[in-house]
Amino acid sequence: MVHAYGNEQQQQQVPAVPLGSNKGGPHGLGDPEDRRLRKVELEVLIPKIMRERAKTEKCTPEVQAFEACCKDAGLFMVAKCQPANDALKACTLRWYSDEQFKRECTEIYLEERREFRITGVPKKFRNAT
């Protein structure tokens with residue numbers, strides 16, 4: 001990807017994953033040691049892990065306050081719980097912009113994908129056993 005800024009050009013190396021590269025490995029699901037990421041992994045799957053971790057680990061007071069407000073407010077929750085919702089959004093956005101947190105979530109994703117490629121068993125079934 002090339003970005004032009006005035007007379008300067010800056011190149012960013014984004015490792016492209018060629019079509020059909022998810023073959024191979026013990027179950028034909030891809031090389032377990034391949035750490036390249038597809039666009040859907042970068043834009044959907046890793047942010048999903050970030051969202052879940054932010055909600056369950058990093059923003060628990062805000063989540064609890066918002067849930068309690070919604071429970072108490074009933075039909076008026078949209079208007080009454082706006083401050084609690086704003087606090088929850090601010091907390092999650094703070095974690096989404098934290099590069100260290102993003103790297104941690106990327107590593108979690110890569111390890112889960114590696115295990116899937118080695119075993120051929122999706123995470124939801126591995127944890128059930």
Side-chain angles (χ1 to χ4, degrees):
M1 182 182 310
V2 177
H3 297 282
Y5 299 101
N7 292 333
E8 298 177 38
Q9 286 190 349
Q10 178 185 32
Q11 289 188 358
Q12 294 176 342
Q13 293 292 357
V14 178
V17 179
L19 290 175
S21 67
N22 285 345
K23 294 183 174 32
H27 296 280
L29 301 169
D31 179 9
E33 303 308 319
D34 183 7
R35 296 180 56 83
R36 293 176 298 174
L37 293 165
R38 297 173 296 151
K39 186 174 182 176
V40 70
E41 293 168 322
L42 290 168
E43 295 178 2
V44 177
L45 300 174
I46 293 170
K48 179 182 176 191
I49 292 172
M50 293 174 71
R51 195 170 40 253
E52 291 169 358
R53 283 191 68 207
K55 184 177 176 182
T56 59
E57 297 174 22
K58 306 296 185 180
C59 300
T60 51
E62 291 86 352
V63 169
Q64 290 170 348
F66 180 67
E67 288 174 352
C69 180
C70 289
K71 202 180 282 185
D72 293 340
L75 295 174
F76 301 106
M77 73 176 158
V78 173
K80 188 176 179 184
C81 298
Q82 192 63 46
N85 189 28
D86 290 344
L88 178 56
K89 283 182 186 176
C91 180
T92 54
L93 286 174
R94 187 170 53 247
W95 285 104
Y96 289 164
S97 62
D98 184 306
E99 287 300 317
Q100 177 62 32
F101 183 64
K102 186 174 185 175
R103 282 191 296 273
E104 288 172 14
C105 293
T106 301
E107 287 303 316
I108 289 169
Y109 174 77
L110 285 169
E111 185 55 34
E112 289 173 1
R113 185 182 74 177
R114 181 180 179 278
E115 287 299 313
F116 171 68
R117 288 179 173 183
I118 290 171
T119 64
V121 179
K123 179 185 172 190
K124 62 183 173 184
F125 296 122
R126 280 196 311 265
N127 291 343
T129 58

Cys59/Cys91 sulfur atoms closer than 2.5 Å: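 Yes, Cys59 links to Cys91 through a disulfide.
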
Joint hydrophobic cluster, Met77 plus Leu88, side-chain heavy atoms closer than 4.5 Å: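 Result: no, two separate clusters.
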
Ile108 reachable from Leu42 in the ILVMFWY side-chain graph, under 4.5 Å edges: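 Yes: a chain of side-chain contacts under 4.5 Å links Leu42 to Ile108.
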
Trace of the side chain to side chain contact (heavy atoms under 4.5 Å, CB included) decision for Arg94 with Asp98: CA-CA 7 Å; Arg94 187 170 53 247; Asp98 184 306; over 6 Å; no

Residues Cys70, Cys81; criterion disulfide bond (SG atoms under 2.5 Å apart); working and verdict: CA-CA 7 Å; Cys70 289; Cys81 298; 4.3 Å; no

If you measure from [atom1] on [X] to [atom2] on [Y], what distance do you get to the nearest 0.5 Å?
X: Cys69; Y: Gln64; atom1: SG; atom2: CD; value: 14.0 Å
X: Arg36; Y: Asp31; atom1: CZ; atom2: CG; value: 8.5 Å
X: Thr106; Y: Arg103; atom1: OG1; atom2: CZ; value: 9.0 Å

Salt bridge [X]-[Y], side-chain N to carboxylate O under 4.0 Å:
X: Arg113; Y: Glu41; value: yes
X: Arg114; Y: Glu33; value: yes
X: Arg35; Y: Glu107; value: yes

Nearest atoms (heavy-atom pairs only) where Val63 meets Lys55: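 Nearest heavy atoms, Val63 then Lys55: CG2-O, 3.6 Å.
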
Ala54 versus Trp95, closest heavy-atom pair with distance: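 Ala54 and Trp95 have their closest heavy atoms at CB-CB, 4.4 Å.
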
Side-chain heavy-atom pair Tyr96, Pro47 within 4.5 angstrom cut-off: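 Sidechains of Pro47 and Tyr96: no contact.
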
Heavy-atom check, side chain of Leu45 versus side chain of Leu37, under 4.5 Å: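 No; the side chains remain at least 4.5 Å from each other.
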
Salt bridge (charged side-chain N to carboxylate O under 4.0 Å, His left out) evaluation trace for Arg53 with Glu104: CA-CA 10 Å; Arg53 283 191 68 207; Glu104 288 172 14; 3.3 Å; yes

Glu57 backbone acceptor or donor facing Thr60 side chain under 3.5 Å: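 No, because the side chain of Thr60 does not come within donor-acceptor range (under 3.5 Å) of the backbone of Glu57.
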
Candidate list Arg117, Lys123, Lys48, test salt bridge (Lys or Arg N to Asp or Glu O under 4.0 Å), partner Glu112, passing option: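 Single salt bridge (Lys or Arg N to Asp or Glu O under 4.0 Å) partner of Glu112 among Arg117, Lys123, Lys48: Lys123.
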
